[in-house]
Every structure is written in C-alpha cells, then in structure tokens.
Amino acid sequence: MKKVSFKNIIYVVVLIIVGIVLNRGISAISSLLGLSLYLDSIGTMFSTVIGGFFPGMVVGFISNVIGGLSDSTTFYYGIINVLIALIVGVAAENGYFDKLYKVLTLIPLFLLLSIPCSFLTYMLFEFQVGENVASPAVKMFNDMGMPIILSQILGDFCVELPDKLISLIVTFFLVKLVPARTRVEFGRITGNELRKNIQKETGHRNSLRFQIAIGLFWAGLLIAVVSFFISYKTYMEARVAGLENATYDVVSLRTESLLYSGKLLSVVLGLLLCIVSFAMVIADHTLVRPLHTMAKEMRHYAYDIDSGRDKSYDKIKALDIRTGNEIEELYVAMSKTVKDVDDYIDKTNEQADTIAALHVNIITTLADIVESRDKVTGHHVKRTAEYCRLIAEELRREGKFTDVLTNEYIETLSIAAPLHDIGKIHISDAILNKKDRLTPQEFDDIKTHPGIGMEMLISATENLGDNAYMDMAKDIAYYHHEWYGDSDRGYPAGLTGENIPLAARIMAVADVFDALVSKRPYKDGMPVEKAIKIIIEEKGTHFDPDIVDAFLNIQDHVADVIEMYGE
C-alpha cells in the first residue's frame with residue numbers, strides 16, 4: 001500500500017474543478033433565464049456522489065467563496081452548501097443514488113436544511129426581507145401579515161422544493177454518465193469506499209475511522225464556538241473604542257456584534273467541515289486504511305494448515321504499506337512476526353511429525369515383537385491395521401457412524417490397531433507355537449491375553465499420560481474377541497451389539513479374516529474366497545452386519561493388502 005500518487009491528487013483536483021464549474025455555470029444560466037431557482041448545488045452533489053465528502057464539501061465552500069466576489073452575502077452561505085454535501089454523501093454511501101425514486105426521498109431533508117438557511121438570510125439582511133431568489137415569495141407571505149422569519153421560511157420552501165428536485169434529478173443522471181469503475185477509483189482515493197468496507201467486514205460503525213471523525217468534528221465545533229465568542233467580544237470592544245465618548249445604543253451595538261459574529265461563524269463552520277473532511281482523507285491513507293488492512297489479514301491469518309499460512313503471509317507481504325511513519329514500522333514488525341510464527345509452526349510441525357512417526361514405529365515394532373514369537377504370523381499387525389483403516393473409510397463413505405468416523409478417529413485406529421494382541425507377550429511360546437489342537441486349559445490361557453493387554457496399556461497410560469491412541473488401543477485389545485450377537489461365545493466381558501466399542505468391532509472382522517487366510521503353526525492359510533464366506537456366515541452373530549457389508553465392498557483393496565504384506 002503506497003502513498004497517494006500525484007496522479008490521484010490530479011484526479012481529485014479535476015473533480016473539484018468540474019464541480020465548481022457545474023455549480024457556478026448552472027446557477028449563472030438559471031439567473032440569465034430569469035428562473036426563480038438557485039441551482040447552485042448540482043456540482044456539490046455530483047462531486048460528493050462520485051468522490052465522497054471531501055471533494056463535495058470543498059466544491060460547495062469554494063463555489064460560495066467565488067460567488068461572494070460579486071455578491072458578499074453569497075459568501076456566508078458556504079456552510080449550507082457544505083451541509084448539502086454531508087447529506088448527499090451519507091445518502092450515496094447508503095445506495096440512495098442507485099435508483100431515482102430513492103434520490104427523490106431526500107427532498108424532505110433539504111426542506112429541513114432550508115430552515116437554518118432562512119435564519120441565516122434573516123440575520124444577513126438584518127432581520128428584514130432579503131434580496132434573493134426567494135424574495136418575491138417572502139414578500140407575499142409578509143404582506144399577508146406573517147412575521148418576517150416565518151415568511152422567510154415559507155418563501156424558502158417554495159423555492160427549495162423545485163430547486164432541489166431539479167438538482168437531484170440532474171445529479172442522478174450526471175452520475176449515471178460516469179463509469180462505475182471510475183466511481184470506485186475515486187472512492188478508493190478519497191476514502192469513501194474504505195468506510196463501506198470497514199462497516200461490511202466488521203459489522204459495526206464504531207471503527208477507528210469513525211472515532212477519528214467524531215473527535216475531529218467536536219474539536220472543530222469547539223473551535224467554531226470559541227471563535228464566535230472571541231469575534232463577538234473583539235468586535236464589540238473595537239466598536240466601543242471607535243465611538244470613544246460618543247453616545248451609542250448598547251442594544252443596537254450588541255445586535256451588530258452578533259450579526260458580525262454570526263456571519264463569521266457560518267464561514268468558520270463551513271471551512272472547518274472542509275478541513276475535517278480533508279483530515280479524514282489523510283487519516284484514511286496514513287492511519288485507518290493501513291491499520292484496517294493489517295487487521296483484516298491478521299483476522300484471516302490461517303495458522304492451522306501450511307497452504308493457508310503461506311497464502312496469508314503472501315497477502316500480508318503484498319500489502320506493501322509505506323506511510324513513512326510508525327504505521328509502516330508496525331507493518332514491518334508484524335510481517336516479520338508472521339514470518340517468524342510461520343517458520344516456528346513449520347518447525348514445530350516437522351518435529352511433531354517426527355515424534356508421531358517415531359511413536360507409530362515404536363507401537364508397530366512392539367506389536368511385531370509380540371507377534372514374532374509366533375514364527376509364522378509375519379505381517380499380521382500391518383495387515384490388520386490396514387484392513388481396519390479401509391473398513392472405517394468405507395463405513396464413512398456409506399454414511400454409517402459418521403459422527404464417530406472422523407479423519408482423526410480413522411488415523412488413530414490405524415495406529416492403535418497393531419496393539420490388539422499386546423497381551424500375548426505373557427502367553428507361553430509353547431502355546432503360541434503349538435502345532436496340535438490346544439487343550440481346554442491352554443485355550444483358557446490364550447483367552448487371558450485381552451485382559452493382560454488392557455492391564456499393560458493402563459500401566460503405560462499411568463506413565464505416559466492419557467492420549468487418543470492409548471485409549472483406543474485399550475478398547476481394541478480388551479474387546480476385539482467379543483461376539484456381536486452371542487454373549488456366551490464372546491470374551492472376556494461378554495458384551496454384545498453396540499455395547500462393544502466400534503474400533504473393537506472393526507478389529508474383530510479384520511483379525512479373524514487375517515487369521516483365516518494366514519498360515520499358523522496348527523494350520524495352513526485358507527483361500528480368500530473361503531475366508532470371506534466364513535465372515536458372511538458369522539454376520540450378525542460374531543460380527544457387526546454393517547462392518548461385514550463394508551468389508552465385502554473393499555475386497556479388491558483387501559487383496560492388494562495381502563499382496564503387499566504377504567507371508
């Protein structure tokens with residue numbers, strides 16, 4: 001974000017000149033045609049809609065300053081034209097100039113604005129009927145017996161209604177001649193577009209820009225009030241000193257001083273509003289806009305994934321904020337901090353991945369050590385872990401157990417699965433490698449391995465602390481020999497149905513299938529087709545039907561796993 005270019009300044013100056021020409025030109029044409037209309041604010045409205053408050057207010061004020069060269073009273077109406085820019089600016093930001101019928105709804109506001117204009121006229125012409133466009137109507141009402149101030153208000157209404165109606169319609173069609181892209185560019189230069197974005201993105205008006213505007217407004221108003229009292233006192237004292245010892249009417253002198261101070265106040269207020277609008281443009285480019293863009297990007301800073309962090313950092317770097325003050329220093333510091341955080345997260349993730357990989361390797365190696373005591377089981381733990389992952393993914397694809405089967409759950413399942421037979425470490429080698437049928441006592445010894453495994457994992461948890469892997473490993477190790485529909489045949493707890501943890505129900509299918517197709521000391525591995533037939537036969541009794549169905553749908557992948565981790 002670079003400083004405002006000289007080209008942009010030229011654009012704004014040209015817009016202001018165009019607005020002044022429209023104000024003075026159309027007003028002159030109206031006067032030449034003898035129309036009882038002012039038509040001196042079309043340029044103010046046009047500049048405000050296109051460029052925002054600053055160019056509109058400047059056009060309004062300077063137009064009256066120029067008019068004051070030939071008619072001194074015109075000079076003091078600058079505040080009215082500035083207030084017109086304020087009304088039109090707020091209306092334009094809220095989309096009133098998108099449709100003609102919306103534009104026409106602004107007429108009541110301009111009629112209300114004519115009331116302070118009437119009081120200003122009343123004051124400028126020293127409480128008499130003034131000489132201006134509305135004078136004929138004012139004299140008519142006054143001749144009807146109405147007070148001058150009421151006559152002035154009603155007369156101004158009679159003029160302002162057609163005047164502002166024509167001005168708004170002309171402005172609407174002039175604005176439509178300007179390409180939308182040009183309007184957006186002017187709004188970016190003068191800050192008109194910034195306020196819309198801030199409100200849209202934050203959902204409220206109480207932004208830094210709003211706070212600065214309020215602070216500047218109250219400061220300007222205080223200056224105007226102080227100037228009024230200072231000018232009143234100074235003028236009064238000067239007049240008294242000028243009269244020296246001559247007699248004078250104190251009431252008349254005070255009235256004269258109030259009139260002078262009131263004129264000065266109207267000029268000062270108009271000028272201060274122009275200064276405030278200019279200060280807002282400067283604040284937008286050097287303070288509000290850079291801070292807003294930095295805050296916006298930091299709100300959207302995606303620190304959770306590598307691609308998101310890289311994209312966010314690139315956006316922050318592309319801001320290229322150059323304000324030449326502390327804001328630029330803050331941006332440089334923020335960019336460095338974001339880069340440091342990004343590097344730190346990358347390093348932390350790399351270390352976490354290394355630790356996780358080490359964790360998985362330790363678990364797998366430990367499971368391999370246990371299984372290797374059975375001289376022919378080979379890659380049983382790797383195959384069953386892969387079966388579990390494939391089954392879980394298929395279940396989720398089918399829309400089953402979706403509240404449980406998250407990415408994290410499936411990853412944890414594939415890591416914890418190898419520990420399902422960890423309890424066999426306490427089973428005798430003679431039993432594990434026996435070639436003959438086991439005796440009832442030997443089978444009872446085998447059936448103790450789920451409980452032993454659970455105790456081992458509980459002990460490990462006490463030393464290492466709870467984590468998702470260990471919790472799931474305990475469920476799998478203890479419950480993977482339960483039967484889904486037969487509590488008498490399942491062990492060690494005799495659970496059935498969904499009382500058996502999902503991870504254990506998945507492992508039951510994976511473990512039995514791999515045992516069927518694998519060679520054991522007491523048997524040869526059976527063909528895959530026969531093993532699948534047995535799995536189907538025990539659907540609903542030994543195994544969860546949903547899990548069996550999912551297993552059947554991944555037969556091709558199962559064959560790939562067997563080929564990859566063959567005996």
Side-chain angles (χ1 to χ4, degrees), residues 27 30-31 34-41 44 60-61 63-64 67-68 70-87 104-168 221 224-225 227-229 231-233 235-236 239-240 243 247-270 273:
S27 177
S30 174
S31 180
L35 301 177
S36 296
L37 299 171
Y38 297 107
L39 298 181
D40 60 349
S41 57
T44 302
F61 188 78
S63 294
N64 282 78
S70 58
D71 179 4
S72 60
T73 58
T74 303
F75 179 73
Y76 300 106
Y77 287 100
I79 180 62
I80 301 300
N81 234 337
V82 169
L83 291 176
I84 288 174
L86 184 63
I87 293 173
L104 298 181
T105 62
L106 299 176
I107 294 294
L109 290 177
F110 289 113
L111 291 179
L112 288 176
L113 182 60
S114 72
I115 296 176
C117 181
S118 299
F119 278 98
L120 182 57
T121 302
Y122 183 61
M123 180 186 67
L124 290 175
F125 290 95
E126 300 181 357
F127 315 124
Q128 301 298 319
V129 176
E131 293 297 328
N132 56 23
V133 173
S135 295
V138 176
K139 289 178 180 178
M140 180 187 71
F141 288 118
N142 187 238
D143 291 341
M144 294 169 60
M146 293 184 182
I148 293 178
I149 183 59
L150 181 57
S151 300
Q152 188 67 56
I153 292 173
L154 293 176
D156 284 337
F157 278 177
C158 292
V159 173
E160 288 293 329
L161 180 59
D163 181 87
K164 292 304 182 286
L165 178 63
I166 294 172
S167 297
L168 285 170
L221 185 61
V225 172
S227 299
F228 173 81
F229 285 107
S231 65
Y232 173 79
K233 183 174 178 57
Y235 185 86
M236 186 80 169
R239 290 290 288 135
V240 170
L243 294 173
T247 59
Y248 55 86
D249 185 352
V250 175
V251 175
S252 297
L253 190 56
R254 286 178 177 174
T255 301
E256 183 182 339
S257 299
L258 284 172
L259 290 173
Y260 171 80
S261 302
K263 293 176 182 179
L264 182 63
L265 178 63
S266 69
V267 175
V268 170
L269 279 175
L273 285 174

Does the side chain of Ile153 reach to within under 4.5 Å of the side chain of Ser114, using non-hydrogen atoms?
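A side-chain contact under 4.5 Å is absent here.
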
Validation row: Leu273, Leu83 side chains within 4.5 angstrom (heavy atoms):
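Leu273 vs Leu83: side chains touch.
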
[X]: what forms a side-chain hydrogen bond (donor to acceptor under 3.5 Å, both in side chains) with it, not counting sequence neighbours?
X: Ser63; value: Asn23
X: Asp156; value: Ser118, Gln152
X: Ser135; value: Asn132

Spacing of [atom1] belonging to [X] relative to [atom2] belonging to [Y], to within rounding of 0.5 Å:
X: Thr44; Y: Ile87; atom1: OG1; atom2: CD1; answer: 12.0 Å
X: Leu112; Y: Glu160; atom1: CG; atom2: CD; answer: 11.5 Å
X: Phe110; Y: Ser167; atom1: CZ; atom2: OG; answer: 8.5 Å
X: Leu165; Y: Ile107; atom1: CG; atom2: CD1; answer: 5.0 Å
X: Leu106; Y: Ile84; atom1: CG; atom2: CD1; answer: 11.5 Å
X: Ser151; Y: Lys139; atom1: OG; atom2: NZ; answer: 12.0 Å

Spell out, as yes or no, whether a donor-acceptor pair under 3.5 Å connects the side chain of [X] to the backbone of [Y].
X: Asp163; Y: Tyr38; answer: yes
X: Ser30; Y: Leu37; answer: yes
X: Ser27; Y: Asp40; answer: no

Minimum heavy-atom separation for [X] to [Y], with atom names?
X: Phe157; Y: Leu111; value: CE2-O, 3.1 Å
X: Ile79; Y: Gly270; value: CD1-N, 3.5 Å
X: Gly155; Y: Val138; value: CA-CG2, 4.0 Å
X: Met146; Y: Asn142; value: O-ND2, 2.9 Å

